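Below is one structure, written out as structure tokens, with a few remarks after it.
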There are 2 protein chains.
Amino acid sequence: MLFPMRDYYTPGEVAERFDLTLDTLRYYEREGLLRRVDRAPSGHRRYRADDVELLGLIRCLRDTDMPIARLREFAELVQAGDHTIHDRLDVLQRHQDLLDRRIAELRAHQTAIQHKIDYYVGVLADNAPRPAEETP
Amino acid sequence: MLFPMRDYYTPGEVAERFDLTLDTLRYYEREGLLRRVDRAPSGHRRYRADDVELLGLIRCLRDTDMPIARLREFAELVQAGDHTIHDRLDVLQRHQDLLDRRIAELRAHQTAIQHKIDYYVGVLADNAPRPAEETP
DNA sequence: ATGGGGCCTGGAGTGCACTCCAGGTCAAGC
DNA sequence: GCTTGACCTGGAGTGCACTCCAGGCCCCAT
């Protein structure tokens with residue numbers, strides 16, 4: 001689905017765009033990751049373009065395991081206005097550093113697991129060098 | 001602390017080696033990640049070298065987010081004997097594939113976050129090109 | 001013999017991030 | 001007028017992986 005360029009977006013549209021449930025969207029709002037979202041006269045939420053943009057970043061940060069609490073702090077900086085850009089940069093840069101370390105750690109563990117795999121492959125090769133031959 | 005080469009290891013030694021709590025160690029045993037561990041006459045646990053080795057792998061797999069349930073399946077294969085090596089390889093190889101994808105995903109998100117960082121840096125640069133100069 | 005350290009048990013509690021639910025409203029289409 | 005679908009609310013429930021606790025036992029050193 002192509003996401004249209006509009007002033008307001010419905011919960012369903014936003015949920016689909018970011019592959020979140022409506023419940024999660026409301027949960028994020030409750031937790032202060034989004035400001036109090038606008039409403040249609042019916043009471044239904046109407047997300048603005050900047051809500052959607054922030055949600056995009058939130059999604060990214062959640063997908064890289066930033067906890068809700070830190071996301072809330074970040075969202076508060078966003079709400080507080082442009083003078084907090086330095087602080088926001090700080091949060092994001094620290095997160096990148098953490099991600100660097102996390103990726104390096106994953107790769108190190110992957111290497112260790114590979115050694116185990118290689119060991120098992122060796123065991124299999126020793127136990128059955130050729131199908132038609134008995135190991136004495 | 002140098003981990004000594006012995007037949008049996010105490011809970012404290014094992015916990016320190018893998019940076020786990022005693023509670024977690026017991027929890028893993030309860031969850032079937034380890035066989036029913038040997039006991040000293042006092043009732044205290046005595047981990048064998050192969051328990052420790054398996055724990056090393058478990059630690060690695062947990063650190064790369066393999067859920068306890070899959071770890072238990074793996075542990076059951078280990079208990080079942082050498083004829084399950086092929087299945088164990090399968091589990092490990094799938095996990096490596098998953099890790100490849102996870103790392104790629106993290107890197108992609110990292111790139112996206114970097115764009116946001118670059119944007120913020122740009123905003124800061126525009127707002128204050130030189131400290132001693134007013135922006136008209 | 002006394003005190004401390006290390007460990008034991010069963011079971012309850014925690015924190016996180018959702019996820020589900022009942023009962024209701026609203027706007028549009030038949 | 002009635003149904004359908006999208007959304008609303010407050011609050012409860014879920015799943016995972018630990019984590020904590022009370023009360024107790026064993027062994028060693030003072």
Side-chain angles (χ1 to χ4, degrees), chain A residues 1 4 6 8-48 51-52 55 57-75 95 98 102 109, chain B residues 1 4 6 8-48 51-52 55 57-75 95 98 102 109:
Chain A
M1 171 221 191
R6 269 188 279 113
Y8 284 104
Y9 304 88
T10 67
E13 286 168 345
V14 175
E16 184 178 356
R17 161 135 188 206
F18 294 115
D19 195 26
L20 297 169
T21 65
L22 296 181
D23 274 320
T24 301
L25 226 40
R26 287 190 288 260
Y27 166 70
Y28 283 175
E29 188 178 338
R30 265 203 311 281
E31 291 298 306
L33 272 47
L34 265 45
R35 62 182 184 90
R36 224 55 183 168
V37 171
D38 293 351
R39 300 302 174 110
S42 64
H44 289 197
R45 285 175 179 76
R46 288 294 110 101
Y47 294 88
R48 295 193 315 228
D51 294 325
V52 172
L55 257 172
L57 183 55
I58 286 171
R59 190 64 163 121
C60 224
L61 294 170
R62 273 299 302 137
D63 281 350
T64 50
D65 303 315
M66 184 180 287
I68 298 291
R70 197 155 337 140
L71 244 44
R72 176 171 33 237
E73 287 166 25
F74 185 83
H95 187 64
L98 204 138
R102 176 67 178 147
H109 287 314
Chain B
M1 173 220 188
R6 270 189 278 112
Y8 284 102
Y9 304 88
T10 66
E13 287 168 345
V14 175
E16 183 179 357
R17 161 135 188 207
F18 294 115
D19 194 26
L20 296 170
T21 66
L22 297 182
D23 274 320
T24 300
L25 226 39
R26 287 190 289 260
Y27 166 69
Y28 284 174
E29 187 178 339
R30 266 203 311 283
E31 291 298 307
L33 271 47
L34 266 44
R35 63 182 183 90
R36 225 53 184 166
V37 171
D38 293 351
R39 301 300 176 112
S42 64
H44 290 196
R45 285 176 179 75
R46 288 295 111 100
Y47 293 88
R48 295 194 314 230
D51 294 326
V52 172
L55 257 172
L57 182 55
I58 286 172
R59 188 65 163 121
C60 224
L61 295 170
R62 273 299 303 138
D63 282 351
T64 51
D65 302 315
M66 184 180 287
I68 298 290
R70 197 157 334 141
L71 243 40
R72 176 170 35 235
E73 286 166 25
F74 185 83
H95 187 64
L98 205 139
R102 176 69 178 146
H109 287 314

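The chains referred to below are lettered A, B, ... by the order of the sequence lines, with proteins before strands, and numbering in each begins at 1. Owing to the predicted nature of the structure, the values given are computational and were not obtained by experimental measurement.
For the pair B/Pro11 and B/Asp23, both in contact range of DNA chain C, the more 5′-proximal nearest nucleotide belongs to B/Pro11. When each of B/Pro41 and B/Ala69 is assigned the nucleotide of DNA chain D bearing its nearest heavy atom, the one mapping closer to the 5' terminus is B/Ala69.
The distance between atom CZ of A/Arg46 and atom P of D/dA6, rounded to the nearest whole Å, is 13 Å. Spacing between atom CZ of A/Arg26 and atom C1' of C/dT19 amounts to 11 Å, rounded to whole angstrom units. Remark: C1' of D/dA17 and CE of B/Met66 are 16 Å apart, rounded to the nearest angstrom. Atom CD in B/Glu31 sits about 12 Å away from atom C1' in D/dG15, given to the nearest Å. Rounding to whole angstrom units, CD of residue A/Glu13 and C1' of D/dC7 are separated by 13 Å. Rounded to an integer number of Å, the gap from B/Ile68 CD1 to D/dG15 C1' is 13 Å. As a whole-Å value, the separation of B/Leu25 CG from C/dC8 C1' is 14 Å. D/dC16 atom C1' lies 7 Å from atom OH of B/Tyr27, rounded to whole Å.
Within 4.0 Å (heavy atoms only), B/Arg62 reaches sugar-phosphate atoms of the nucleic acid but no base atom. B/Pro67 comes within 4.0 angstrom of the backbone, heavy atoms only, and of no base.
Side chain of A/Arg39, nearest nucleotide from D/dC26, D/dC8, D/dC18: D/dC8. The side chain of B/His44 approaches C/dG6 more closely than any other nucleotide in the set C/dT19, C/dA27, C/dG6. For A/Leu22, the listed nucleotide lying nearest its side chain is D/dC7; candidates were C/dC7, D/dC7, D/dA17.
Residue A/Tyr28 is tested with A/Leu71, A/Leu20, A/Asp23 for a side chain to side chain contact (heavy atoms under 4.5 Å, CB included); the sole match is A/Leu20. For the pairing with B/Glu29, the salt bridge (Lys or Arg N to Asp or Glu O under 4.0 Å) check across B/Arg45, B/Arg35, B/Arg72 returns one residue only, B/Arg45.
Between B/Phe18 and B/Val52, the shortest heavy-atom distance links the atoms CZ-O, 3.3 Å. Between B/Ile58 and B/Leu33, the closest heavy-atom pair is CD1-O, 3.5 Å.
Phosphate contact (OP1/OP2 of D/dA17, side-chain N/O of B/Tyr28, threshold under 4.0 Å): absent. Residue B/Thr10 places at least one side-chain N or O under 4.0 Å from the OP1 or OP2 atom of C/dC7. One finds no side-chain N or O of A/Arg45 lying less than 4.0 angstrom from the OP1 or OP2 phosphate oxygen of D/dC7.
The structure places CZ of B/Arg70 at 10.0 Å from CG of B/Leu61, a figure rounded to the nearest 0.5 Å.
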